[in-house]
Protein chains: 2
Amino acid sequence: MKTDKLERLQAAGWKVGNTEDFLQLSEEEARLVALKLSLIGAVKKSRIKRKLSQIDLAQRMKSSQSRIAKIEAGDPSVSLDLIVRALIASGATTRDIQAAFTTNERAAA
Amino acid sequence: MKTDKLERLQAAGWKVGNTEDFLQLSEEEARLVALKLSLIGAVKKSRIKRKLSQIDLAQRMKSSQSRIAKIEAGDPSVSLDLIVRALIASGATTRDIQAAFTTNERAAA
DNA sequence: TTAGTCTATGTCATAACTGACATAGACTAA
DNA sequence: TTAGTCTATGTCAGTTATGACATAGACTAA
């Protein structure tokens with residue numbers, strides 16, 4: 001764990017002893033969430049760019065409109081698999097997907 | 001669809017009329033599979049690089065050794081979520097993940 | 001040999017995800 | 001108003017993914 005974060009947490013009154021596992025996990029969890037959000041944004045951006053309605057995209061990937069809405073709303077029931085499938089189906093290029101990751105990197109830094 | 005691919009498929013005797021949806025889907029499916037494989041490779045590479053056993057990595061991400069083995073074996077029961085979580089837990093940097101995408105891009109080109 | 005470490009594979013109950021459906025809200029155009 | 005299009009949200013039965021466990025194989029070192 002990074003020292004500055006550790007200090008901030010300790011200053012906030014956190015006991016940072018055997019809770020390292022927990023903190024470590026949180027940081028990784030946060031990274032995954034940030035990544036998902038980034039990809040979700042890319043889905044919506046790509047869909048709009050191609051002038052596709054949620055129904056259009058749903059048909060392309062053999063899903064349903066409600067699921068597309070949930071994807072874009074960041075619903076917790078949506079898997080990373082589905083997000084990426086939507087991204088691909090929406091016509092996003094590999095470069096677009098990479099860009100989403102890059103955005104994620106900036107946000108995490 | 002790209003013309004060369006279309007021609008290859010037609011030459012192979014495929015009827016490329018109203019089966020476009022199917023072919024389109026296959027192409028997207030293939031892209032997802034390629035992406036997964038690429039990330040799987042990155043997981044193993046990152047794990048080995050950090051000298052972690054499958055058990056070590058499993059503990060880091062609160063999973064099990066058998067699941068790590070399945071990830072690396074490309075078992076169909078493994079989700080993209082789990083692969084990416086393993087990748088993050090293995091200590092892979094965002095740059096490493098991006099590199100996996102780059103590899104994928106080359107493979108798809 | 002024996003023991004230890006690491007990885008692979010199968011199974012299973014539980015948990016998580018999915019598409020489909022209903023329904024509602026926002027907005028636009030007759 | 002009315003109808004149409006698009007999106008949001010809730011529910012649910014069926015499907016898929018999960019961790020845990022057992023077990024086996026490969027390899028190394030005593």
Side-chain angles (χ1 to χ4, degrees), chain A residues 21-22 24-26 28-92, chain B residues 21-22 24-26 28-92:
Chain A
D21 287 350
F22 168 72
Q24 180 70 18
L25 203 69
S26 289
E28 291 166 356
E29 196 69 22
R31 250 182 105 188
L32 183 61
V33 170
L35 174 59
K36 278 195 180 184
L37 288 177
S38 190
L39 292 171
I40 285 170
V43 168
K44 187 155 195 174
K45 191 176 170 185
S46 177
R47 178 178 69 79
I48 299 298
K49 186 180 175 185
R50 271 90 179 175
K51 298 184 202 289
L52 298 173
S53 66
Q54 290 183 343
I55 291 181
D56 292 335
L57 179 53
Q59 286 173 340
R60 279 190 179 214
M61 57 186 287
K62 301 205 189 301
S63 181
S64 63
Q65 181 269 328
S66 59
R67 210 115 281 286
I68 305 297
K70 286 181 217 294
I71 289 174
E72 297 186 355
D75 191 287
S77 79
V78 175
S79 73
L80 186 55
D81 294 68
L82 197 66
I83 295 172
V84 173
R85 277 204 272 135
L87 196 49
I88 293 174
S90 74
Chain B
D21 287 350
F22 168 72
Q24 181 71 16
L25 204 70
S26 290
E28 291 166 357
E29 196 69 23
R31 250 182 103 188
L32 183 61
V33 169
L35 174 58
K36 279 195 181 185
L37 288 178
S38 191
L39 292 172
I40 285 170
V43 167
K44 186 154 195 174
K45 193 176 169 184
S46 177
R47 178 178 70 80
I48 299 297
K49 186 180 174 185
R50 271 89 179 177
K51 298 184 201 290
L52 298 173
S53 67
Q54 291 183 342
I55 291 179
D56 293 334
L57 179 54
Q59 286 173 341
R60 280 190 179 214
M61 57 187 287
K62 302 207 188 300
S63 179
S64 62
Q65 179 270 326
S66 60
R67 211 113 285 281
I68 305 297
K70 285 182 218 293
I71 289 174
E72 297 186 355
D75 191 287
S77 79
V78 175
S79 72
L80 186 54
D81 294 70
L82 197 65
I83 295 172
V84 173
R85 278 203 273 132
L87 196 48
I88 292 174
S90 74

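Protein chains get the first letters and strands the later ones, always in sequence-line order, with residue 1 at the start of each. Computed over heavy atoms, backbone and side chain alike; hydrogens, waters and symmetry mates excluded.
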| What is the distance from atom CD of A:Glu72 to atom CZ of A:Arg67, rounded to the nearest 0.5 Å? | 13.0 Å
| message | Taking the axis from the first five pairs and the axis from the last five, what angle separates them in the helix from C:dT1-D:dA30 to C:dA30-D:dT1, rounded to 10 degrees? | response | 30°
| request: Take the protein atom CG of B:Asp81 and the nucleotide atom P of D:dT16, then report the distance between them rounded to whole Å. | output: 16 Å
| message | Please report the distance, rounded to the nearest Å, between CD1 in A:Ile71 and C1' in C:dT18. | response | 11 Å
| Excluding sequence neighbours, so at least two apart, what forms side chain to side chain donor-acceptor pair (under 3.5 Å) with A:Ser66? | A:Ser64
| query | Within the structure, does a side-chain N or O atom of B:Ser63 lie under 4.0 Å from either OP1 or OP2 of D:dG19? | reply | yes
| Atom-pair distance (CG on B:Asp75; P on C:dG10), nearest Å | 8 Å
| query | Contact class for B:Ser79 vs. all strands (heavy atom < 4.0 Å): base, sugar-phosphate, or nothing? | reply | sugar-phosphate
| remark: Whole-Å distance, A:Met61 CE to C:dG19 P, equals 6 Å
| request: Any salt bridge (charged side-chain N to carboxylate O under 4.0 Å, His left out) involving residues 82-91 of chain B? Give me the pairs, sequence neighbours left out, ordered by first then second residue. | output: none
| task | Using the side chain to side chain contact (heavy atoms under 4.5 Å, CB included) rule, take A:Leu82 and A:Lys70 through it: C-alpha gap first, then chi angles, then the decisive distance, then the call. | result | CA-CA 11 Å; A:Leu82 197 66; A:Lys70 286 181 217 294; over 6 Å; no
| message | Checking A:Ala92 now: which residues fulfil side-chain contact (heavy atoms from CB on, under 4.5 Å) with it, not counting sequence neighbours? | response | A:Ser46, A:Leu87, A:Ser90, A:Asp96
| query | Within the side chain of B:Arg47, is there an N or O that forms a donor-acceptor pair under 3.5 Å with the backbone of B:Leu57? | reply | no
| task | Dump the intermediate steps for salt bridge (charged side-chain N to carboxylate O under 4.0 Å, His left out) on A:Lys36 and B:Asp81, then the final yes or no. | result | CA-CA 10 Å; A:Lys36 278 195 180 184; B:Asp81 294 70; 3.2 Å; yes
| remark: Here the distance between atom P of D:dT16 and atom CG of A:Leu82, to the nearest Å, is 14 Å
| request: For A:Ala69, check side-chain contact (heavy atoms from CB on, under 4.5 Å) against everything at least two apart and list the hits. | output: A:Gln54, A:Gln65
Can you tabulate the close N/O pairs, meaning under 3.5 Å, that link protein atoms to atoms of nucleotides 4-9 of chain C?
from	atom 1	to	atom 2	distance (Å)
C:dT7	OP1	B:Arg47	NH1	2.9
C:dT7	OP1	B:Arg47	NH2	3.3
C:dT7	OP2	B:Gln54	N	2.7
C:dA8	OP2	B:Gln54	NE2	2.7
C:dA8	N7	B:Gln65	NE2	3.0
C:dA8	N6	B:Gln65	OE1	3.0

